[in-house]
Amino acid sequence: MIKKQLEQLVSQSYTQNNLDSEKVSEISKNLKRSELKQYIKALKAWEKSHSVTITLPSPLEDDSEHELFANIYPDKKLIFVYDPKLLVGVKITNNDLVYSADLKDILENISQYLHN
C-alpha cells in the first residue's frame, strides 16, 4: 500500500477529529492482512502524534486547570490518567517526549546524591 493511500484511509477514519469505529470497520473489511497491519500501525501513530497524556496524582479540581493544559496543547486531544503513586507533580507524554515533575523523583535524586 502506498503511503499516500494509507494517509487517506487514516484521514477518512475520523469524524470531527474523533476515531469513527464504523468507518474503521468498513475500511478494515476491504483490506488484506498485510494492509490491515499497516493501517492499524498508521492509526496508532496518528493517535499518538495528535494526543497528549497527562498523568496526575488525583483528578483535577476545576475546569481552570483543564483549560491550562488545553491552552498549552491547543491542537491535541488531552488524555488524563490518574496515578496515586505520583506524590505531588505531573507527568506529560507528548508523542515521544516525556516531561516529569514529581516530588518522589526529586527526593530519590537527592537521596542518591547524598549517598554518593
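Reckoned from all heavy atoms, side chains included, excluding hydrogens, waters and symmetry mates.
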Identify the two heavy atoms, one from P57 and one from G89, that lie closest to each other, and give their separation to 0.1 Å. CD-O, 3.2 Å

Can L43 and L19 be said to form a side chain to side chain contact (heavy atoms under 4.5 Å, CB included), step by step? CA-CA 9 Å; L43 280 176; L19 192 61; 3.9 Å; yes

Interatomic spacing from CD in Q38 to NZ in K3 - rounded to 0.5 Å: 12.0 Å

Between D20 and V24, does the side chain to side chain contact (heavy atoms under 4.5 Å, CB included) criterion hold? Intermediate values first, please. CA-CA 6 Å; D20 189 333; V24 171; 5.8 Å; no

Y82-L78 co-clustered via ILVMFWY side chain contacts under 4.5 Å: yes

Can you confirm whether V52 sits close enough to T93 that some side-chain heavy atom of one is under 4.5 Å from a side-chain heavy atom of the other? no

Test side-chain hydrogen bond (donor to acceptor under 3.5 Å, both in side chains) applied to T53 - qualifying residues, sequence neighbours left out: none

salt_bridge(K29, E26) N-O dist < 4.0 Å: yes

Derivation of the side chain to side chain contact (heavy atoms under 4.5 Å, CB included) call for K48 and D96: CA-CA 8 Å; K48 186 176 181 181; D96 289 337; 2.8 Å; yes

OH of Y39 to CG of L6: how many Å apart, nearest 0.5 Å? 9.0 Å

For the NZ atom of K32 and the CG atom of L36, what is their distance to the nearest 0.5 Å? 13.0 Å

Taking the side chain from S51 and the backbone from E47, do they hold a donor-acceptor pair closer than 3.5 Å? yes

Just to verify, what does K41 make a side-chain hydrogen bond (donor to acceptor under 3.5 Å, both in side chains) with, not counting sequence neighbours? none

Spatial distance of atom CG (N18) from atom NZ (K23) [nearest 0.5 Å]: 11.0 Å

Is it true that a side-chain atom of Q5 and a backbone atom of I2 form a donor plus acceptor pair closer than 3.5 Å? yes

Of all heavy-atom pairs linking T55 and L86, the shortest is O-CD1, 3.4 Å

Return the CD to CD1 distance between E35 and I27, rounded to the nearest 0.5 Å. 12.0 Å

Backbone N/O of L107 and side chain of S111: donor-acceptor pair under 3.5 Å: no

Electrostatic pair D83:K91 at N-O distance under 4.0 angstrom: no

With sequence neighbours left out, write down each residue that passes ring pair (Phe, Tyr, Trp, His ring centres under 6.0 Å) with Y14, or none if nothing qualifies. W46

Is it possible for you to say whether I54 and Y99 belong to one hydrophobic cluster, with membership spreading through side-chain heavy-atom contacts below 4.5 Å? yes

Are I106 and Y113 linked, directly or through intermediate hydrophobic residues, by side-chain heavy-atom contacts shorter than 4.5 Å (ILVMFWY only)? yes

Using a 3.5 Å cut-off and no angle test, enumerate the donor-acceptor pairs between side-chain atoms of residues 68-76 and protein atoms at least two apart in sequence or in another chain.
residue: N71; atom: ND2; partner: E67; partner atom: O; Å: 3.3
residue: K76; atom: NZ; partner: S49; partner atom: O; Å: 2.7
residue: K76; atom: NZ; partner: N94; partner atom: OD1; Å: 3.1

Under the rule for side-chain hydrogen bond (donor to acceptor under 3.5 Å, both in side chains), what residues qualify as partners of K37, not counting sequence neighbours? none

Does I79 sit in a hydrophobic cluster with other residues, and if so which ones, taking ILVMFWY side chains as linked at heavy-atom separations under 4.5 Å, directly or through other members? V81

